[in-house]
Amino acid sequence: MKITLKDGSCKEYSQAMRVYDIAMDISEGLARAACAGEVNGKVVDLRTVVDQDCELNILTASDPEGLRTVRHTCSHVLAEAVKRLFPEAKLAIGPSIDEGFYYDFDHASFSREDLDNLEKEMKKIIKEGNKLERFTLPREEAIKFMEEKGEPYKVELIRDFPEDSEISFYDQGGFVDLCAGPHLMNTKGIKAFKLISSSMAYWRGDSNRAQLQRIYGTAFNKKEELAAYLEHLEDIKKRDHNKLGREMELFATVDVIGQGLPLLLPKGVKMVMKLQRWIEDLEDREWGYVRTKTPLMAKSDLYKISGHWDHYKEGMFVLGDEEKDKEVFALRPMTCPFQYYCYKNTQHSYRELPIRYGETSTLFRNEDSGEMHGLTRVRQFTISEGHLVIRPDQAEEELQNCLRLANYVLSTLGLQEDVTYRLSKWDPNNSDKYLGDEAYWEKTQDALRQILKKDNLPFTEADGEAAFYGPKIDIQAKNVYGKEDTMITIQLDCAIAENFDMYYIDQNGDKIRPYIIHRTSLGCYERTLAWLIEKYAGKFPTWLCPEQVRVLPISDKYTEYAEKVRKELAANGIDVTVDNRSEKIGYKIRDARMNKLPYMLVVGANEEEQGLVSVRSRFAGNEGQKPLAEFIEQICKEIRTKEIRQELPEEEKAK
């Protein structure tokens with residue numbers, strides 16, 4: 001057989017060979033470093049036998065899939081350590097993930113001390129260097145095997161396989177786990193690892209099933225790589241909006257109010273107000289939108305017309321009982337059907353289109369309790385929602401403009417480099433979930449595909465992520481922990497106008513169904529606030545800061561001048577306060593730094609006499625004395641242009 005290697009060279013063998021043995025034939029050093037193989041593009045275990053011509057790539061820990069194999073093996077070492085120290089624990093699942101691995105156990109919660117003890121036990125197991133041996137059993141024998149070991153979760157997993165399946169296991173020196181692999185040849189291949197944390201997780205992600213304990217860990221090929229990652233985790237903790245946002249008094253949550261119902265505090269409200277006013281003015285003055293204000297709830301009749309009652313009822317807060325009450329209401333999960341009736345209020349000519357409706361919409365969605373997190377996934381939220389009623393011939397231009405508006409917003413906020421683009425399509429294998437036929441979906445999906453291509457935006461495609469009425473361009477971003485959420489969405493809908501009998505009069509006097517574009521320009525304000533907190537670690541661009549300037553009088557003698565400075569700044573629309581506490585100026589400066597303020601203005605005798613302010617900024621440190629009018633002109637320009645001013649390194653600030 002002929003084996004074509006990654007570099008294009010070939011190896012020929014007269015008999016079948018394991019991937020590991022081929023690696024050994026190439027180089028003993030390569031075999032030692034090998035983690036897995038890739039045969040004709042498919043990742044396989046090193047123990048996999050190759051018996052025909054193929055393309056083969058030997059994967060090491062320098063390759064993403066090779067590193068995943070290291071981490072997967074490390075999860076099995078963790079499971080063995082847990083069974084050694086906590087024999088009563090039951091094993092669930094333990095996959096590798098993008099940032100490392102986890103393993104779920106049916107056991108009481110694990111403390112940090114438990115994790116430290118497990119790390120010590122894992123090091124012992126790794127040092128023992130036991131080989132990982134793969135074997136298989138018929139399904140019924142596999143079930144019996146795991147029943148005898150008292151592992152009910154493994155039994156359930158095996159029962160999900162077809163009756164004629166061969167089930168694979170890995171034995172590492174007597175500890176056996178159900179697994180498809182791939183795995184390292186022995187435990188000594190794990191060079192550097194760390195157990196990060198533990199938390200509760202539901203079995204199979206179902207809140208109605210057992211509560212398990214999930215231990216997260218990570219592994220790398222080198223200790224230096226692990227150290228760098230752990231340093232990165234420390235930075236993440238500092239940026240986590242759920243922690244930092246509370247410390248900065250931007251938002252809070254209260255148990256008696258409810259999960260997923262955050263309180264925006266004055267500073268957080270100030271930031272959202274700035275975003276909202278900017279977006280509304282931008283849409284209305286520069287992009288041709290008109291405003292609507294519609295109810296927060298409606299009768300079920302409205303949602304039945306739109307199709308949401310059939311397709312989305314489980315995600316809605318329903319008020320009343322259809323079997324008992326004459327009228328049943330629901331809090332709105334979206335604004336589109338309300339804005340359709342704004343359109344239907346008047347008959348429209350083809351000359352009036354497009355009509356672009358915008359609304360700052362408060363919405364309600366009954367999110368699962370296990371999904372909610374800080375401000376990123378909540379049950380009540382506000383979005384920059386819009387619906388464009390257009391003629392079919394206007395679709396390309398209006399979709400392009402929606403995408404360009406979204407990208408302009410992202411660019412202004414300094415977020416554009418942090419996003420990815422996804423074409424969210426229907427699932428043709430589950431067509432009952434959607435309006436329209438295959439031809440409709442192919443046409444609308446291709447329309448969005450061409451929009452993305454026209455702007456040269458790299459994108460992925462995902463089946464089953466579309467709305468029930470049409471495909472979407474979803475602009476995605478990850479939080480500091482790597483979890484991805486949709487930040488902005490643009491949807492093409494060529495079907496829903498029929499449900500609402502929406503039409504316009506064309507040049508021939510005929511009634512024609514319009515197309516609808518559903519879109520957001522900023523998305524959810526709460527989620528965007530969380531994103532900004534994490535992006536800037538609380539050090540926001542000046543225009544967004546709830547407190548842009550703090551005036552610091554050196555002593556009580558200068559509070560009157562400090563107040564004069566405050567009034568002049570406030571008169572120019574600057575958010576400013578005075579720190580008139582009886583504290584030393586050094587303390588006041590440190591406190592302002594801790595609060596991540598853009599500017600501090602220190603005032604004393606010299607400043608008062610000459611109408612100056614001593615400027616200290618987060619960006620450049622001590623900027624020296626300036627006339628107050630000059631500083632006002634400088635900061636007003638920075639705010640007006642929404643400049644994202646960069647910070648100098650600390651050593652340069654000190655100069």
Side-chain angles (χ1 to χ4, degrees), residues 248 250 266-282 285-286 411-414 532 536 538-581 583 585-648 652-655:
M248 296 183 70
L250 298 176
K267 292 178 182 179
V269 171
K270 176 77 76 171
M271 292 186 67
V272 169
M273 285 172 58
K274 291 181 180 188
L275 289 168
Q276 181 179 326
R277 289 169 179 169
W278 170 52
I279 290 296
E280 289 178 352
D281 287 346
L282 178 68
R285 295 175 184 174
E286 299 183 33
S411 178
T412 302
L413 292 172
L532 289 166
Y536 292 106
K539 296 180 179 180
F540 307 111
T542 300
W543 74 275
L544 269 176
C545 287
E547 183 182 359
Q548 295 163 331
V549 179
R550 186 177 295 178
V551 185
L552 311 178
I554 290 175
S555 71
D556 293 346
K557 290 189 295 184
Y558 307 107
T559 54
E560 186 175 337
Y561 179 61
E563 182 60 23
K564 179 183 177 182
V565 170
R566 186 199 68 79
K567 286 182 178 178
E568 289 196 42
L569 290 166
N572 283 274
I574 298 162
D575 290 311
V576 55
T577 62
V578 175
D579 186 347
N580 53 21
R581 294 176 293 174
E583 300 284 355
I585 191 65
Y587 176 87
K588 292 181 180 182
I589 291 172
R590 287 193 299 275
D591 184 64
R593 285 175 178 163
M594 289 292 292
N595 282 274
K596 308 179 190 299
L597 299 186
Y599 293 97
M600 300 165 263
L601 303 182
V602 179
V603 295
N606 189 45
E607 287 82 12
E608 183 174 22
E609 288 171 8
Q610 301 185 53
L612 303 173
V613 289
S614 290
V615 181
R616 289 175 178 266
S617 77
R618 194 180 68 211
F619 315 104
N622 189 349
E623 297 189 16
Q625 289 185 329
K626 296 181 182 181
L628 178 58
E630 180 184 326
F631 173 75
I632 289 174
E633 182 181 0
Q634 169 197 319
I635 192 173
C636 284
K637 180 182 178 183
E638 185 180 336
I639 292 169
R640 184 177 65 255
T641 60
K642 298 178 175 56
E643 179 185 352
I644 301 175
R645 192 176 174 191
Q646 300 300 313
E647 288 192 36
L648 295 175
E652 291 190 38
K653 288 184 188 180
K655 290 180 181 179

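Worth saying up front: this structure is predicted, and the values here are computed from it rather than measured.
- To the nearest 0.5 Å, atoms OH (Y561) and CD1 (I554) are separated by 11.5 Å.
- Partners of E583 under the side chain to side chain contact (heavy atoms under 4.5 Å, CB included) rule, at least two apart in sequence or in another chain, are R581, Y587, K588.
- Using a 4.5 Å cut-off on side-chain heavy atoms (C-beta onward), S614 and E607 make contact.
- Residues L552 and I585 are in side-chain contact: their nearest non-hydrogen atoms beyond the backbone lie under 4.5 Å apart.
- Scanning all heavy atoms of the two residues, the minimum distance from S617 to E623 falls at OG-OE2, 2.6 Å.
- For the pair A562 and V551, the tightest heavy-atom approach, listed with the atom from each and the gap, is CB-CG1, 3.7 Å.
- Here the side chains of Y536 and L544 are not in contact, with every heavy-atom distance at 4.5 Å or above.
- Under the salt bridge (charged side-chain N to carboxylate O under 4.0 Å, His left out) criterion, K270 pairs with D575, not counting sequence neighbours.
- The shortest side-chain heavy-atom distance between L413 and L275 falls under the 4.5 Å cut-off.
- R616 pairs by the salt bridge (charged side-chain N to carboxylate O under 4.0 Å, His left out) definition with nothing, not counting sequence neighbours.
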Residues 593-605, side-chain donor-acceptor partners within the protein, below 3.5 Å, at least two apart:
{"from": "N595", "atom 1": "ND2", "to": "D591", "atom 2": "O", "distance (Å)": "2.8"}
{"from": "Y599", "atom 1": "OH", "to": "E638", "atom 2": "OE1", "distance (Å)": "2.5"}
{"from": "Y599", "atom 1": "OH", "to": "R645", "atom 2": "NH1", "distance (Å)": "2.7"}

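- Without hydrogens or angle criteria, K274 side chain to C545 main chain gives a donor-acceptor distance under 3.5 Å.
- Contact annotation: the side chain of K626 approaches that of Q634 to within less than 4.5 Å [non-hydrogen atoms, C-beta and beyond].
- Residues N580 and D556 have side chains not in contact (no heavy-atom distance under 4.5 Å, counting atoms from C-beta outward).
- Shortest non-hydrogen contact noted between C636 and I574 is SG-CD1, 4.0 Å.
- Counted within 6.0 Å of CD on E633, heavy atoms from surrounding residues, nucleotides or ligands total 12 or fewer; the atom is thus considered open.
- Side-chain contact between I632 and E630: absent, with no pair of heavy atoms (C-beta onward) separated by less than 4.5 Å.
- Here the NZ-CD distance, from K564 to E608, works out to 8.5 Å after rounding to the nearest 0.5 Å.
- In terms of the side-chain hydrogen bond (donor to acceptor under 3.5 Å, both in side chains) criterion, residue partners of Q276 (sequence neighbours excluded) are, by chain and number, E280.
- Scored by the salt bridge (charged side-chain N to carboxylate O under 4.0 Å, His left out) test, K539 finds E647 as partners (sequence neighbours excluded).
- Taking CH2 of W543 as the reference point, atom CD of Q548 lies at 10.5 Å (rounded to 0.5 Å).
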